[in-house]
Structures are given as C-alpha cells and as structure tokens.
Amino acid sequence: MLITVKYFGQIAEVTQKEEEELEVAKTSISKLLETLNARYTDLKNKDFQIAQNQELVSLDTELTGAEIALLPPFAGG
Amino acid sequence: MLITVKYFGQIAEVTQKEEEELEVAKTSISKLLETLNARYTDLKNKDFQIAQNQELVSLDTELTGAEIALLPPFAGG
Amino acid sequence: MKDKKPIKSVFKEGAITSEFIGNSIYKHQTKTSIGAHNIFLGQVRADDIEGKTVAAIDYTAYEDMANEKFHEIRESAFEKFELTCMHIYHSLGTVKAGEICLFVFVSSPRRKVVFEALEYIVEAIKAHVPVFGKEIFEDESHQWKVNT
Amino acid sequence: MKDKKPIKSVFKEGAITSEFIGNSIYKHQTKTSIGAHNIFLGQVRADDIEGKTVAAIDYTAYEDMANEKFHEIRESAFEKFELTCMHIYHSLGTVKAGEICLFVFVSSPRRKVVFEALEYIVEAIKAHVPVFGKEIFEDESHQWKVNT
C-alpha cells in the first residue's frame, strides 16, 4: 500500500526532505521503521515519536494509516 | 493622648466622616471601640477589623498608636 | 517587615486600559532572559443582584496601609519565587462593568514559577490589602462588595 | 475525541505582538460576566549556550495534528473548568529573542478557575502539541530546542 511519511525538525535534517511517498507491505510500525533506518542511517541516533494519522502510536502498532509522521521532541511555547 | 481614627467604606457611611481626632486615655483597643460604639450606634451591626499604625490588631491590644483605622471587609481586585 | 524605602503607589485613578497592559507587555521585550509571563486581570462583573445590575464599582483604599501591604507582598514573592520582574496596579475611583481594576504581571526565565507566583500574589492581595468596593447599580443604589 | 467541525488554526506567522494581545484584552470588555482573566505568554529567551547566544527561534509544526491537539486541549479545558472563553495563539516561522511565541488567554466569572485552567492548558500544549523549535544563534549556527 501507498503511504505518506512526513519528517519534522531535526528528523527532516537527517532525511533531507519533509515528506515522501512509500510503497510498503501491510506491516507493523516497527517494520516500517527498520526500512527507514536502513535508508537514513543517522535516524537511529535521533530521538523521535511516531504518529499514524495524527495520533502517537507505539512500535508494535499495526501499520494502517495513510499518513505516518516522525516527530522529534516537542518545543512548543 | 490624641489619636486619629480613620473610617472606610460602609464604616464611613455609619460615622458620616472619613476621619476624626479623639482625645483618649492610654487604654486598650476594645475600650476605644466601646467609646466609638457609644458615639455611632450602628457600628455594632457592622463587620470590620481594626488597624493600629497600619497593622491589624486584636481587641485586647494596647492602644499605643497615633493612627487607628476601622476597616470593613476587603474587596480588592 | 517594615522597609524604609519610599514605596511606589500601586494605585491608578480609574480603569486600567488594555493599551496600558499592551504597552507594559511591550516594555518587557528588551528583557531577553524572560521565558514566561503570567498576567492576572480583575474585571468588574455586571452581576445581577436581586434584579439589579452592577454598573460600576467605586474603589477606595486605606492607601498608606495598602501600599505597604502591596510592598510586603512584592518582597515576599521575590523571596519565594525566582522572578525577573513583577508589577501590580489597582484602580481607585470608578471602574465600569467590563473594565479592568487589577493588573498583576509576573515574569521569569521559566514557566512553572510564574503560575505559582501569580496565584500567590493575587490571593495575598485579595486577603490582605485594605481596598473597598462600592458596587453601584444601574439605578444608582449601591451595596458593598466583599471578597470571597 | 475526534470532532468533525472545521478547526480554526492556532498558528500565526511570526511573533505575537503586544498590540495584538492588548486588542484581544480590549475585546473582552463587552463580556461583563467575566471577573477574572489569566494570560500566559511564552517569550523567546536569548539563552547563552556554550558561549553562543540564541538570537531567534524558527518554529515549525505538524500543523494538522497540532491544530487537532490544540482543539482537543480546548475541548477538554472547557469540560474541566467553568470558562467563559479561551484563546490560544502560537507562532510559526521566526520569532526573535524577546518576542512572544505563545499567547494563552482564559476568562471566567471567578478567579480560582482561571489559575487552574491556564496551567492545565499550557502544560498540555508543551506536552502534546507537535511544534518544533530551531534555536538560531547569533553566528547563524543552530540547535533544536526541547521542552523541559
């Protein structure tokens, strides 16, 4: 299935892009993360949370969402 | 001794004045209050605290201050 | 805690305007160690009391004692909390319903402090400062306000 | 808690000015059931970090999620606290040291409520809203801000 992955803040510095579309198997968030780690090797040194369809999810969550986002630490306010 | 007595808010409505000078014996605050109650009969129906030289005092405090104030409930802010 | 320094008066004649508040905020933009401001504004409510509506409050104060109390509250807040600055203004005279009668402004490098400090200061003002409020109804009768 | 209403954006491009804040206060003077306002302002600090000084923060956000989170915080605050109104504004883009990047404004008939509500809202924003801050130093190098 086709998903959109969005990158923010220092994560976007690592990926050198703010978003991309990826064709992936229906899998878990953690499997998707392995794919991304392989593609962007500096990612593993970064602190981030993952949102699926705008809700934070854990690694063992099933990948169902059309929109995944890698979110570095929040700094609002 | 000569003291100044100040009246505020609804107390000043009872006394019909904002301050006055009184010649009193060196006594307690409660004795002074008896004098004032005799002079202003509606005073006993009113809720107030007494300050002596700008500090709240209790009735059994010795009257030493040059400035006594009768303070109705505070309503700041 | 008596202090012999001359004490600046906290009182302003009439309502505290939104321009005054905005301008006070503006003046803090040169203080670049500040990370958080917290502002309390007391506004006169058009309370309905037994069918009559409050149109304004006429504030009076035992000014010398009140300024001394404001000063003590200020010193005590600076002692308790790591504040960069603190400002307090209170109205005297007539303040109409909807207008602002109390403006308390605290600033600190970090936010946790400002929440605690502001509530401490406002509660202390309500409890300890001899300010009196005559609630004037639309029909020009009045009653005396009591803080709760 | 999903809501299908269109959600108003909380974000403003650049700093939040003191005039904007003053004007927002002014607009509340027609709401005469309000007795207490409480305002939180986040200001960009010129922090010294290893000999370099922060000149500005460049804010970005996952805007859709952030506006949804702001909306959830808003709904939850109205549920928990008896508020007359609530406004939240957050900057995007560059905000210089000394300028304001967050403006949270709550109003209620009575004061106890506004203190609790404001702290609840500000802490929720810091914890749950995906906003990112790039601290730009005077020498144009940068580091990423993390809320504490």
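A, B, ... follow the sequence lines: proteins, then strands. Residue 1 opens every chain. Just so we're clear, the structure is a prediction, and the values are computed from it rather than from any experiment.
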Between Val113(D) and Glu82(D) the two heavy atoms that sit nearest each other are CG1-O, 3.6 Å

What is the minimum heavy-atom distance between Ser108(D) and Leu83(D), and which atoms define it?
CB-CD2, 4.3 Å

Restricting to pairs with a member in residues 102-121 of chain D, which pass salt bridge (Lys or Arg N to Asp or Glu O under 4.0 Å), not counting sequence neighbours?
Glu123(C)-Arg111(D), Glu123(C)-Lys112(D)

Reported NZ-to-NE2 distance for the pair Lys134(D) and His142(D), which is rounded to 0.5 angstrom:
5.0 Å

Go through the atoms of Val114(C) and report whether side chain, backbone, both or neither lie under 4.5 Å from a heavy atom of chain D.
side chain

Is it the backbone or the side chain of Ile100(C) that comes under 4.5 Å from a heavy atom of chain D, or both, or neither?
both

Student check: side-chain heavy atoms of His37(D) and Val106(D) closer than 4.5 Å
no

Checking side chain to side chain contact (heavy atoms under 4.5 Å, CB included) for the pair Phe115(C)/Phe40(D): CA distance, chi angles, key distance, verdict?
CA-CA 9 Å; Phe115(C) 293 121; Phe40(D) 179 85; 3.7 Å; yes

Between Ser33(D), Cys101(D), Pro109(D), which shows the greatest number of heavy-atom pairs under 4.5 Å with chain C?
Pro109(D)

For chain C, find its close neighbours in residues 19-28 of chain D: heavy-atom separation under 4.5 Å, sorted by number, or none.
Ile21(D), Gly22(D), Ile25(D), Tyr26(D), His28(D)

Kindly determine whether Asn38(D) and Ile39(C) satisfy side chain to side chain contact (heavy atoms under 4.5 Å, CB included), including the steps that lead there.
CA-CA 6 Å; Asn38(D) 199 352; Ile39(C) 293 170; 5.6 Å; no

Output the residues of residues 55-65 of chain C for which the shortest heavy-atom distance to chain D is under 4.5 Å, in residue-number order; output 'none' if no such residue exists.
none

Is there a donor-acceptor contact under 3.5 Å from the side chain of Thr53(C) to the main chain of Glu138(C)?
no

Begin from the C-alpha positions of Trp144(D) and Phe132(D) and carry the test side chain to side chain contact (heavy atoms under 4.5 Å, CB included) through to its verdict.
CA-CA 8 Å; Trp144(D) 290 90; Phe132(D) 315 102; 4.3 Å; yes

Can you find a pair of side-chain heavy atoms, one from Leu118(D) and one from Phe105(D), that are under 4.5 Å apart?
no

Applying a heavy-atom distance below 4.5 Å, give me the residues of residues 86-98 of chain D that approach chain C, sorted by number.
Ala97(D), Gly98(D)

Got a donor-acceptor contact below 3.5 angstrom from the Asn67(D) side chain to the Val10(D) backbone?
yes

Side chains of Ser9(C) and Phe70(C), heavy atoms from C-beta outward: is any pair under 4.5 Å?
no

Steps toward side chain to side chain contact (heavy atoms under 4.5 Å, CB included) verdict (Phe137(C), Gln143(C)):
CA-CA 8 Å; Phe137(C) 297 108; Gln143(C) 73 168 22; 3.8 Å; yes

Are side-chain heavy atoms of Ile136(D) and Val54(D) found at a separation under 4.5 Å?
no

For Ser107(D) and Ile34(D), indicate whether the former's side chain and the latter's backbone hold a donor-acceptor pair under 3.5 Å.
no

Picking from Asp47(C), Thr32(C), Val122(C), which has the most non-hydrogen pairs under 4.5 angstrom with chain D?
Thr32(C)

Heavy-atom pair count under 4.5 Å with chain C, highest-scoring of Glu99(D), Lys126(D), Lys31(D), Gln43(D):
Gln43(D)

